[in-house]
Amino acid sequence: MSNRRKFIKSISALTALSLAPLSYSNTSFDTKSVTQNIRIFPKRLKKGAIIGLIAPGGPITKKQLDETIEKVEQLGFKTYYTETVLSQYGYFAGKDKERADDLMNMFANENVDAILAVRGGYGAIRILDLLDYELIKQNPKVLIGYSDVTALHCAIYEQTGLITFHGPVGISSFNEFSVESLTKVLIKPKKNYRYPYEREKETDDKFEFDLYSINDGQAEGVLIGGNLSVLDSMIGSKFEPDFKNKIVYLEEISEKTYKVDKMLVHLLQATNLKSAAGIALGIFNKCDKMDEPRLTLRQALEDLLKPLNIPIVYGLPFGHISTKITLPTGIIAKLDADKNTLKLLEKAVR
């Protein structure tokens, strides 16, 4: 089937829909103006909902788009995208304004119920200044993705109070474990939802997948966080996240141990991460590596984080792995480092 026909098929459910670029103002907010009491809960996903597909960072292929459409439709949803999603400008999915406009069109389009990033890559941080946060605030929707999408989660939550979701991207593996978590958080939400644990297959000899406590104890707080290197790149900007009294969740992939060490030191010295209520570490996949002489990843993490004297767990099932949970930025959660568990204390959608 030709690309043209596939595109028409994808949007056949949308009627009277204009694809013309929106005219919107570039509204800037003070990052610290949103408090924990000002939160916006998006509507839960229902079968038949229309999911808008975006590429806010790295470029995607037509094959990746088609596979994403197939996965989303198998979950019982419909898809919508504009031709912009397949744009390419160097290592970006189009120029910054193209990607920003596409995201804003998804929020403004009343026929789109939720927004899913097809992939991460690099680039979301470059469009933060181009987003209309007031428009987003007035059109709250589920936004899903991880890795580079961390920049959008943190900025949108801090600027508007909208709950967003660190979960699978379109090219992720939508296996039973991942879909079950997605369902319990976004489709059939339940209060006091304790995340299940499942170790990635064939990782028994990989220490990055071990589950352990760095500091025991229990902590409650609003969830915020994401990919370590993305958070590190946001330090000093008006979009820098506020970690005070929060449960901070972190993950990383393919960074040498000393680079993980370096980024954590930067967060600890340049932000208020030391004032977090607790830290939930996911999988730092392929990060337990370094030239000789070396520290193990676990040694480096314990050296830096144990002195904080707050509950800290490593190895929870999220990050650049196949079996991942969906974490809502902005929802109150409980981290139990005695049992190595994480539980949501409220529904993330209405």
Side-chain angles (χ1 to χ4, degrees), residues 28-36 57 120-131 133 146-161 164 166 214-215 219 221-284 287-288 290 295 297-314 316 318-320 327 329-330 333 335 337:
S28 179
F29 286 77
D30 177 41
T31 302
K32 306 306 178 184
S33 65
V34 177
T35 69
Q36 293 183 13
Y122 164 66
I125 195 169
R126 285 183 50 155
I127 69 173
L128 299 184
D129 274 322
L130 302 177
L131 303 182
Y133 293 99
Y146 78 108
S147 192
D148 184 62
V149 188
T150 293
L152 296 178
H153 293 318
C154 291
I156 289 174
Y157 175 69
E158 294 280 1
Q159 300 282 355
T160 72
T164 63
H166 183 279
I214 293 178
N215 280 332
V222 168
L223 283 168
I224 196 165
N227 179 260
L228 177 61
S229 59
V230 174
L231 293 170
D232 182 62
S233 67
M234 298 176 77
I235 292 175
S237 74
K238 63 183 177 182
F239 302 106
E240 178 186 310
D242 178 13
F243 299 125
K244 187 175 182 179
N245 298 325
K246 293 184 173 68
I247 304 296
V248 180
Y249 63 91
L250 302 171
E251 61 87 23
E252 191 51 86
I253 184 171
S254 297
E255 295 284 1
K256 287 188 175 182
T257 302
Y258 86 89
K259 289 189 176 180
V260 171
D261 186 311
K262 182 179 179 181
M263 289 186 286
L264 272 176
V265 168
H266 194 201
L267 281 179
L268 289 167
Q269 293 181 347
T271 73
N272 58 0
L273 180 60
K274 292 180 180 179
S275 298
I279 299 177
L281 301 170
I283 304 301
F284 283 53
C287 291
D288 190 19
M290 189 170 172
L295 284 177
L297 176 66
R298 181 166 181 168
Q299 286 174 311
L301 292 175
E302 290 184 344
D303 284 351
L304 293 173
L305 300 179
K306 200 170 187 63
L308 300 183
N309 293 318
I310 58 175
I312 302 174
V313 175
Y314 176 88
L316 295 170
F318 66 88
H320 288 74
L327 294 164
T329 289
L335 179 67

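- Residues Leu281 and Leu305 meet the side-chain proximity criterion, which asks for heavy atoms closer than 4.5 Å.
- Not one N or O on the side chain of Glu240 forms a donor-acceptor pair closer than 3.5 Å with the backbone of Thr271.
- Here the CD-SG distance, from Glu251 to Cys287, works out to 8.5 Å after rounding to the nearest 0.5 Å.
- Rounded to the nearest 0.5 Å, atoms CD1 (Ile283) and CG (Leu250) are 12.5 Å apart.
- Listed here is the closest heavy atom pair of Ala280 and Ile247: CB-CG2, 4.4 Å.
- Residue Glu302 comes nearest to Pro307 through the heavy atom pair O-CD, 3.8 Å, listed as atom of the first residue, atom of the second, then distance.
- Rounded to the nearest 0.5 angstrom, Leu273 CG and Ser275 OG are separated by 8.5 Å.
- Atom OG of residue Ser147 and atom NE2 of residue His166 lie 7.5 Å apart, to the nearest 0.5 angstrom.
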Evaluate side chain to side chain contact (heavy atoms under 4.5 Å, CB included) for Lys259 paired with Glu252, printing each intermediate quantity in order.
-> CA-CA 11 Å; Lys259 289 189 176 180; Glu252 191 51 86; over 6 Å; no
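- Counting heavy atoms from C-beta on, the side chains of Asp303 and Asp261 never come closer than 4.5 Å.
- Of all non-hydrogen atoms in Gly226 and Leu231, the two that sit nearest each other are N-CD1, 3.8 Å.
- Looking only at side-chain heavy atoms (C-beta outward), Leu131 and Gln159 stay at 4.5 Å or farther from each other.
- Heavy-atom contacts from other residues, nucleotides or ligands closer than 6.0 Å to NZ of Lys306 number more than 12.
- With hydrogens and angles ignored, the 3.5 Å screen pairs a side-chain donor or acceptor of Thr150 with a backbone N or O of Asn227.
- The shortest non-hydrogen separation linking Pro311 to Leu335 is O-CD2, 3.6 Å.
- In this structure, Asp129 and Phe239 have side chains that are in contact, with non-hydrogen atoms separated by less than 4.5 Å.
- A 4.5 Å side-chain heavy-atom check between Leu264 and Leu301 finds at least one atom pair inside the cut-off.
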Test side chain to side chain contact (heavy atoms under 4.5 Å, CB included) applied to Leu128 and Tyr133, step by step | CA-CA 9 Å; Leu128 299 184; Tyr133 293 99; 3.8 Å; yes
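- A 4.5 Å side-chain heavy-atom check between Asp232 and Lys262 finds every atom pair outside the cut-off.
- In terms of heavy atoms, Gly57 sits closest to Asp148 at CA-OD2, 3.9 Å.
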Carefully, step by step, assess Asp242 and Ile224 under the rule side chain to side chain contact (heavy atoms under 4.5 Å, CB included).
-> CA-CA 8 Å; Asp242 178 13; Ile224 196 165; 6.0 Å; no
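- A perpendicular orientation is assigned to the rings of Tyr249 and Phe318, their planes being inclined by more than 60° (bins at 30° and 60°).
- The closest side-chain heavy-atom distance from Thr329 to Ile156 is not below 4.5 Å.
- Distance check: Leu308 CG to Ile214 CD1 gives 9.5 Å after rounding to the nearest 0.5 Å.
- Between Leu152 and Thr164 the shortest side-chain heavy-atom distance does not fall below 4.5 Å.
- Taking the six-membered ring for Trp and the full ring otherwise, the centers of His153 and Tyr146 sit at least 6.0 Å from each other.
- Listed here is the closest heavy atom pair of His266 and Ile235: ND1-CD1, 3.7 Å.
- When atom types are taken as modelled, the side chain of Asn215 and the backbone of Ile310 share a donor-acceptor pair closer than 3.5 angstrom.
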Determine, step by step, whether Thr257 and Gln299 satisfy the side chain to side chain contact (heavy atoms under 4.5 Å, CB included) criterion, reporting the C-alpha distance in whole Å, the side-chain angles of both residues, the deciding distance to 0.1 Å, and the verdict.
-> CA-CA 10 Å; Thr257 302; Gln299 286 174 311; over 6 Å; no
